[in-house]
Enquirer: 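Below is one structure. I have some questions about it.
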Amino acid sequence: MKTLALTALGPITDIPPGEGRTYAVDGEMIAVFHLRDGSLRAVSAVCPHKGGPLADGQIDNKVVVCPLHLYAWDLATGCSQSGQPSINVYPVREDEGRILLGE
Amino acid sequence: MAVQTSQKGPTGMTQKLVVIGNGMAGARTVEEILARNGDFSVTMFGDEPYGNYNRIMLSNLLAGVETEEGIFLNDLAWYQENGITLNAGVKVERIDSEARTVHDSNGVATPYDKLIIATGSYSWTPPMKNVHNPKRGYHQGVFAFRTLDDTRGMIRYARDHERAVVIGGGLLGLEAARGLQNHVSHVTLLHAMGHLMERQLDEKAGQMLQASVEGKLGIEVITNAMTTEILGKDRVTGVKLADGRVIECDVVVIAAGIRPNTEMVANSGLPVERGIVVDDQMRVEGQRDIYSVGECAQHRGSLYGLVAPLWDQAKVLADHITGTTGVAYTGSKLSTKLKVAGIDVASMGLIAPERDEDEVIVYNEPKKGIYKQLIIRDDVLVGATLVGDNSKAASLIQAFDRGTALPEERAELIFDIGGPAGEVAPAEMADDAQVCNCNGVSKGAICGAVSAGCKTVSGVMDKTRAGKGCGTCKPLVQRIVEWANGGAAEEDPAASWYVPGVPMPKPELMAAIRKYELKSVSSVFDKLVPGGQHDAKSKMGLASLLKMMWADQYVDERDARFINDRVHGNIQKDGTFSVVPQMKGGVTTPSELKRIAEVAEKYQVPMVKLTGGQRIDLLGIPKEKLPAIWADLDMPSGYAYAKSFRTVKTCVGSDFCRFGVGDSTALGIAIEERFQGLEGPGKMKLAVTGCPRNCAEAYVKDLGVVAIDGGRWEIYVGGAAGAHIRKGDLLTTVGSAEEVIRLTGRFLQYYRENANWLERTYSFVPRIGIDRIREIVVDDSDGIAAALDAAVEEAVQSYKDPWKERAVPATPGQFRTSLPLTVLPQVPVRS
């Protein structure tokens, strides 16, 4: 995991369940996903394959699928399921309805 | 001995494995055991003083197209490297199953813990006078065709002689005759039966083969020719037939069939009928530690003389002997695909129909020497014979083996229709040959995925993304995966599922959704997936299905939608979107065009382009600007992004055109008006054209309407002009525009309810069959027309223009940018 200073990104209601939104934090573009099981995941926002916007991808409780060419990455580890480079993952959690990124 | 291959027995001792027979079956079985890290000390006995060679290739050796080195599978070094003791040229004379030893011709007794009998077959000699010479076996100039030594002797002898007779018109005899042509000037093939290869071919096919063998190869063939005597005192001068005819010759090759080598085994008290009797684990009946495999083994009453069953037997035996439980050999469906004496022949299953209701399809083109016969029972291929053209053999063998459903158009089984001419054989492709032209995947990459452990076609496609673009290369990907897998890919159970993450085909899935009243995508995962696991790649297909099934009652979870459907635009390579306003039938007005032009200027739209569907595309719109652009345009969405009804292309029809015989423009607009936005398993692109000149390309649309003289309309379905090109099938001809609209709705609804996810009509229509579709949609033979009409009416009524979401976004941040917009590939602006 990459280290980031702890940052509050706003209310968790900003991200509908099962979707993702992009945030610019400390010069990095980070896609935060609100899983249907209620938990949060944060990964780098840009697909390493062809620069696709990962926050626009479809997710389940495990992976995100890039909307451009449908390559998939594990949201917890950042590992590609289809032989692509890994993506960064960041610590993220919910605290009293707020999204807290970093540590 | 046998350091690398020591198997610990129950007592901790290395187990002794003895294999009688060093032919293809014996050696292959040992290879399979080694591949499973079987820990045995292995001793093999072989009659022939060699390593292990490919007996099938002896005919190539005879024909001079292969060398002796080339046909060896395992040379003597292989035995050493694997710690195998090879007793080459040593015959086993007796098995003592009580003492668990084998006794050989050198008088040595070798103990075993496990014994494998793979003694194969010998060449059978029909009863003929003078065939044997009391002093030296066969009469001088007479040869069997079974072993390397036979072949060497034949080549040596034939060199100095002129005329050869081959006795036996089966596969082996034909190969021998072809090979002998390399050495002598005249070859006659004598066959005791009425036509060649009567075990594999019907009479007609046998005659076609004979015509080719005679005409193309110049081998004289005599059928119904029973050889009764070899003529000549010291050396052969000819053969005599039962009818008294004499065929002059100086070489005779006997290839009249094979018989299993079982005499020693029977004499040792083991059960032998036609062959050595084995069970489903290839164990000799009543014996715990003795196995038999290959041509000498009799399994469930059958003997097999081909290699494919032998490979299957070897695998089961190896699994069982190395401790895998629950494995069973259940017999093989026999199919062969080969070149017989240079002529393509394939044969599987029945050679003649057995029942009155068996469907027989025959194609015969004598001038080219082509004959194809299929026997179909209950829609399953139960037999096929091909002579002269094996281009469809692989797909037929697959259909035969798996019993898969056959295309309605039976002709597709024996010809390539509408596809690329001639199938490429994977073996002949270079490693770097590009297979998938969309995602740039080579044959080598596909083979790499297979050798890395991916054994299913869909698994390889997921891994490499081959076939995941336009999909046209899928059949080739499948052939390569099968080839790299040694013949057959493993069945992917998921292949029949509607979406990969819910283990059900579409009809079962729909039944379950109805039964439990599942109205949202997450409820489908929770209820129908064991463990309740959600699957990102299944969401879009489920969303489409649920919307179709529940219409207004569908619980629309926005995350189930693909991004295009969340923001009602088509995502582009740089993360921007395209905006295509509805333009029914391709007809617009000056004021609409002005508005579009103003929007394009105001928002500095990078590209304005006419689409193939007769509309205007504004490309390169950032997500956050979509609502404002829609508001300024004040036009409904054209649905150029969804798996849905797209557009109706029209020509100018009868209003202006000198040739138009129907008002295609008005009808096209009416159809689009009615079915706008209708979701489906795939895109639905339509067209109405005003005369058969087809300016609107209606013949190649999912549904195309063609005006014909007399105020009538033809309706075509299942056409395509994308990666796949297909002319639609004529569904019916009707007399009014209202009738066109009614049948269009009914057909689209039937497609929506029954097609697989992403299955376009060009696959769906041939899969169901146009006749069947006509019965349902036009003739209402199933009595569901009213229900289809009602269902499509409900869907039509639930239409809402999605671009109205501009006023109140459906979700927080629906149109928020997801992009940094700095590191992305920039699409150049066209001025």
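Every chain is numbered from 1, with letters handed out A, B, ... down the list of sequences.
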Enquirer: Report yes or no: does B:K573 contribute a side-chain atom to a donor-acceptor pair with the main-chain N or O of A:G51 at less than 3.5 Å?
Expert: no
Enquirer: Answer with side chain, backbone, both or neither: which region of A:L70 has an atom nearer than 4.5 Å to a non-hydrogen atom of chain B?
Expert: both
Enquirer: Mind checking the CD1-NZ spacing from A:I59 to B:K539? Nearest 0.5 Å is all I need.
Expert: 5.5 Å
Enquirer: Got a second to check how far A:I15's CD1 is from B:T811's OG1, nearest 0.5 Å?
Expert: 11.0 Å
Enquirer: Would the number of heavy atoms belonging to other residues, nucleotides or ligands and lying under 6.0 Å from NZ of B:K519 be above 12?
Expert: yes
Enquirer: Among B:K623, B:R465, B:M540, B:E557, who wins on heavy-atom pairs under 4.5 Å with chain A?
Expert: B:R465
Enquirer: Would you say NZ of B:K527 has more than 12 non-hydrogen atoms from neighbouring residues, nucleotides or ligands within 6.0 angstrom?
Expert: no
Enquirer: With respect to chain B, which residue among A:P17, A:A24, A:A31 yields the maximal number of heavy-atom pairs within a distance under 4.5 Å?
Expert: A:P17
Enquirer: From A:C66 SG over to B:I571 CD1, what is the distance, rounded to the nearest 0.5 angstrom?
Expert: 7.5 Å
Enquirer: Could you check whether any side-chain N or O of A:Q58 sits under 3.5 Å from a backbone N or O of B:R561, counting only pairs where one atom can act as donor and the other as acceptor?
Expert: yes
Enquirer: With a 4.5 angstrom heavy-atom cut-off, is it the side chain or the backbone of B:R816 that approaches chain A, or both, or neither?
Expert: side chain
Enquirer: Rounded to the nearest 0.5 Å, how far apart are NE2 of B:H534 and CG of A:D37?
Expert: 8.5 Å
Enquirer: Donor-acceptor pair, distance only, cut-off 3.5 Å: does the side chain of A:R21 make one with the backbone of B:G813?
Expert: yes
Enquirer: Evaluate the criterion salt bridge (Lys or Arg N to Asp or Glu O under 4.0 Å) for residue pair A:D56 and B:R566; output intermediate values, then yes/no.
Expert: CA-CA 9 Å; A:D56 282 347; B:R566 289 185 202 167; 5.7 Å; no
Enquirer: Below 4.5 Å from any heavy atom of chain A, which atoms of B:D462 appear? Answer side chain, backbone, both or neither.
Expert: backbone
Enquirer: What heavy-atom pair brings B:A536 and A:V63 nearest, and what distance separates the two atoms?
Expert: CB-CG2, 4.3 Å
Enquirer: For A:D60 and B:Q533, run side-chain contact (heavy atoms from CB on, under 4.5 Å): C-alpha distance rounded to whole Å, both residues' side-chain angles, the deciding distance at 0.1 Å, then the answer.
Expert: CA-CA 8 Å; A:D60 51 35; B:Q533 197 169 350; over 6 Å; no
